[in-house]
Amino acid sequence: MGATSSSPKELSSSSQSVLTFPLIEEDDGQQHQPPPQHDDATNNNNSVQITRSAKLYAFCAALNSCNLGYDIGVNTGAGILLQNTLDLSDLQLEAFFGSLNLFAMAGALSSHLVNDKFGRRWSFRVAATIFIFGTILQSAAYSYVVLMIGRAFVGLGVGFGLAVDPLYIAEISPPQHRGRLVNWSEFAINLGIVFGFASGLMFATVDETVAWRWMFSMGAILPCFVIYFATFVMPESPRWLVANDRDGEACEVLKKVYPDGYDVDVIVTEIKESIEKERIAEHAVGWGVILFPSPAFKRILMVGMGISIAQQAVGIDAIIYFLVFILKQSGINSRITQMWILVGLGLIKLGVIFLAGRLLDRTGRRPLVFISLVGMSVSFFIVAMSFIGAVASEVGAIVGLGLYLAFFSIGMGPATWTIASEVFTTSIRAKAMSLATFGNRATATIFASSFLSVSNAMGSSNFFVMMALVCLVILLWMCYYLPETKGLSLEEMAHYFAEITGDESILEVEGLNRREVDRLNDPEQDILL
């Protein structure tokens, strides 16, 4: 149960007597079952080419993720202006920033009401409309109450949208390209942050009582494009169409995202089987496995939920929200200079995210996570040192913040949800991911809602030293618990956790899924029953 001295693959291969189970859910194109062979060579899974239509639809869906990024970025520059104009206390501003995650969680939880009944396209339109309404209320607010009402609608729109973006992209993409296209959503969030930073630069010379209103108003532009694309460009998800017995329409959509000549009837059949298999997996076990886990499931939850909480425990959302306050404390008081620095920091973060997407599958998850945590710790120490002495160091603060954003984006940013999706086994996948997401957002809320108060109480230097130590504690925890998940199937991960904990009950649970799926696929079993 201790350190991960052996690789999951080694431990998995050494266990010969335990039950095995197939992957029920395709994930990023790993270990999925190939379709039946046909005369048409294009039905070879290894030769499926990504089409322009698939890229276009993924781009349109990812654009919706820019809304979250823009909200984070625009509030970074507008927060201090907003506080001065409406005479807000630090606690009120912290509540304004932190509440977004609470409202977003509510939006994500309620999104299935539209998602399942009316389809993904309607979900995009509803999310964008709610976001626009909230943005207008925020822009026009002359009281804190109206401002928070607008914040509630913005949060609901963000959560609603984030629930449908990766879902739609995964359902519209061929499995071989699913992972790369789904990552467009993450890239779009960071692009939205840069847009938000840029809006502050655009209005840097405008009176601060008006500038933040224009900056918020600009946020209504992207959702308008999303509504247009969802109405006139994007087709309905083929998976939703199949689930609602509209196979003919699903075939027409699949013909656009698969190469010419591909037998899309095979894909429709696979979608039907996948829906039924997921239903079986979802109901095979209840919440008891998660609430009262066996040693193996407990270890899995510690890894998956631990890294999702750790991603926000390093302070990323809070740091970005309060970047202007940090720059001002370091002695940079010019709004124009502050906005230029924000844009530069945003571009650094965006560039490193692009690089990390290429490194993640080459170097593995563990090395990038370790490099990320060590780098962030050093970066926090640099920022802390810049505040020691009678006069703060502007250069030290800028360099430290730039390194922090870069190191976060190389590991903890992109690797977190990849690792979580790779360690949660089929039987607990949906429930565990929900809990991990909740923990991630709850941690972000706590940090964003207390950043200024804690920083002012401790002093800037002491606060950033504390954050550096937090990164080192997380690093030690990761060294002990985090396995390398690169290239491993869910089956291999289950064997690994069973081996290191001495708990093979997890394999019995997953083996039950195997028997249920075999029964589903064997007509003779139905006759015998």
Side-chain angles (χ1 to χ4, degrees), residues 4 25 27-28 65 68-69 72 98 100-102 104-109 158-159 162-163 165-167 170 179 182-183 185-186 189-190 287 289-291 293 296-320 353 356-357 360 364-366 368-370 372-373 376 407-449 467 470-471 473-486 488 490 493 497:
T4 56
E25 178 173 326
D27 186 13
D28 296 346
S65 293
L68 172 60
I72 295 173
L100 177 78
N101 290 303
L102 292 177
M105 283 190 285
L109 289 173
V158 165
L162 288 181
D165 291 359
L167 178 67
V182 170
N183 283 336
S185 182
E186 175 70 19
I189 293 175
N190 287 274
W287 279 96
V289 173
I290 292 179
L291 298 178
F297 279 116
K298 182 179 180 180
R299 185 69 173 244
I300 289 174
L301 292 171
M302 289 179 68
V303 174
M305 293 189 63
I307 194 169
S308 64
I309 292 173
Q311 186 195 50
Q312 290 300 324
V314 299
I316 183 63
D317 279 15
I319 294 294
I320 292 179
I353 279 286
L360 204 58
R365 287 53 159 146
R366 272 174 61 96
L368 289 182
V369 168
F370 295 163
S372 178
L373 289 167
M376 284 189 291
F407 278 112
F408 175 85
S409 300
I410 201 69
M412 287 298 289
T416 293
W417 297 113
T418 300
I419 292 171
S421 68
E422 290 172 337
V423 299
F424 289 143
T425 57
T426 305
S427 59
I428 65 169
R429 190 180 183 85
K431 296 181 180 69
M433 283 297 288
S434 296
L435 288 177
T437 302
F438 179 85
N440 178 274
R441 292 295 89 196
T443 306
T445 300
I446 293 171
F447 271 75
S449 299
M467 293 303 301
V470 168
C471 290
V473 170
I474 294 174
L475 174 64
L476 293 176
W477 189 91
M478 292 292 178
C479 287
Y480 189 80
Y481 284 105
L482 181 65
E484 178 55 70
T485 62
K486 173 190 172 186
L488 300 181
L490 295 180
M493 292 307 305
F497 285 113

**Q** Just verifying a value: how many Å separate Ile446 CD1 and Ile309 CD1, rounded to the nearest 0.5 Å?
**A** 9.0 Å

**Q** Evaluate side-chain contact (heavy atoms from CB on, under 4.5 Å) for Asp317 paired with Arg441, printing each intermediate quantity in order.
**A** CA-CA 10 Å; Asp317 279 15; Arg441 292 295 89 196; 3.4 Å; yes

**Q** Main chain of Ser185, side chain of Asp165: is a donor-acceptor contact present, judged purely on distance under 3.5 Å?
**A** no

**Q** Around atom CZ of Phe370, are there more than 12 heavy atoms of other residues, nucleotides or ligands at under 6.0 Å?
**A**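 Counting other residues, nucleotides and ligands, CZ of Phe370 exceeds 12 neighbours.
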
**Q** Which heavy atom of Ile353 sits nearest a heavy atom of Pro414, and at what distance?
**A**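 Nearest heavy atoms, Ile353 then Pro414: CD1-CD, 4.4 Å.
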
**Q** Kindly say whether Met305 contributes a backbone atom to a donor-acceptor pair with the side chain of Ser308 at under 3.5 angstrom?
**A** yes

**Q** Ile307 pairs by side chain to side chain contact (heavy atoms under 4.5 Å, CB included) with which of Ile474, Asn440, Ile419, Thr418?
**A** Ile419

**Q** Measure the spacing between CD1 of Ile319 and CE of Met467 and express it to the nearest 0.5 Å.
**A**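 One finds 6.0 Å between CD1 of Ile319 and CE of Met467.
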
**Q** For Leu301 and Val423, run side-chain contact (heavy atoms from CB on, under 4.5 Å): C-alpha distance rounded to whole Å, both residues' side-chain angles, the deciding distance at 0.1 Å, then the answer.
**A** CA-CA 8 Å; Leu301 292 171; Val423 299; over 6 Å; no

**Q** Closest approach of Gln312 and Ala444, non-hydrogen atoms and distance?
**A**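 Closest heavy-atom pair between Gln312 and Ala444: OE1-CB, 3.3 Å.
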
**Q** To the nearest 0.5 angstrom, please state how far the CZ atom of Phe408 sits from the OG1 atom of Thr416.
**A**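 Those atoms lie 6.5 Å apart.
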
**Q** Are the side chain of Glu484 and the backbone N or O of Arg366 linked by a donor-acceptor pair below 3.5 Å?
**A** yes

**Q** To the nearest 0.5 Å, what is the distance between CZ (Phe424) and CD1 (Ile290)?
**A** 8.0 Å

**Q** Quick check: do Glu186 and Pro166 have side-chain heavy atoms less than 4.5 Å from each other?
**A** no

**Q** If only atom types and distance count, is the side chain of Ser372 paired as donor or acceptor with the main-chain N or O of Phe407 below 3.5 Å?
**A**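 Yes: the side chain of Ser372 pairs with the backbone of Phe407.
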
**Q** Using every non-hydrogen atom in the two residues, find where Met412 and Ala310 come nearest and quote the distance to one decimal.
**A** CE-C, 3.8 Å

**Q** Taking all atoms of both residues into account, what is the closest heavy-atom pair of Ser409 and Ala356, and its distance?
**A** O-CB, 3.3 Å

**Q** Check the pair Trp477 / Leu482 against side-chain contact (heavy atoms from CB on, under 4.5 Å), numbers first and verdict last.
**A** CA-CA 8 Å; Trp477 189 91; Leu482 181 65; 5.8 Å; no

**Q** Between Phe497 and Val303, does the side-chain contact (heavy atoms from CB on, under 4.5 Å) criterion hold? Intermediate values first, please.
**A** CA-CA 11 Å; Phe497 285 113; Val303 174; 4.2 Å; yes

**Q** Could you measure the distance from the CD1 atom of Ile72 to the CG atom of Leu100? Nearest 0.5 Å is fine.
**A**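 With rounding to 0.5 Å, CD1 (Ile72) is 7.0 Å from CG (Leu100).
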
**Q** Taking atom CG of Asn101 and atom OG1 of Thr445, what is their separation to the nearest 0.5 Å?
**A** 4.0 Å

**Q** Grab the two heavy atoms, one from Met433 and one from Ala420, that are nearest each other, plus how far apart they are.
**A**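 Scanning both residues completely, I find the closest heavy atoms to be SD-CB, 4.0 Å.
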
**Q** Write down the atom of Ile189, the atom of Ser65, and the distance for their closest heavy-atom approach.
**A** CG1-O, 3.6 Å

**Q** Do Thr485 and Glu422 meet the criterion of a side-chain donor-acceptor pair at a distance under 3.5 Å?
**A** yes

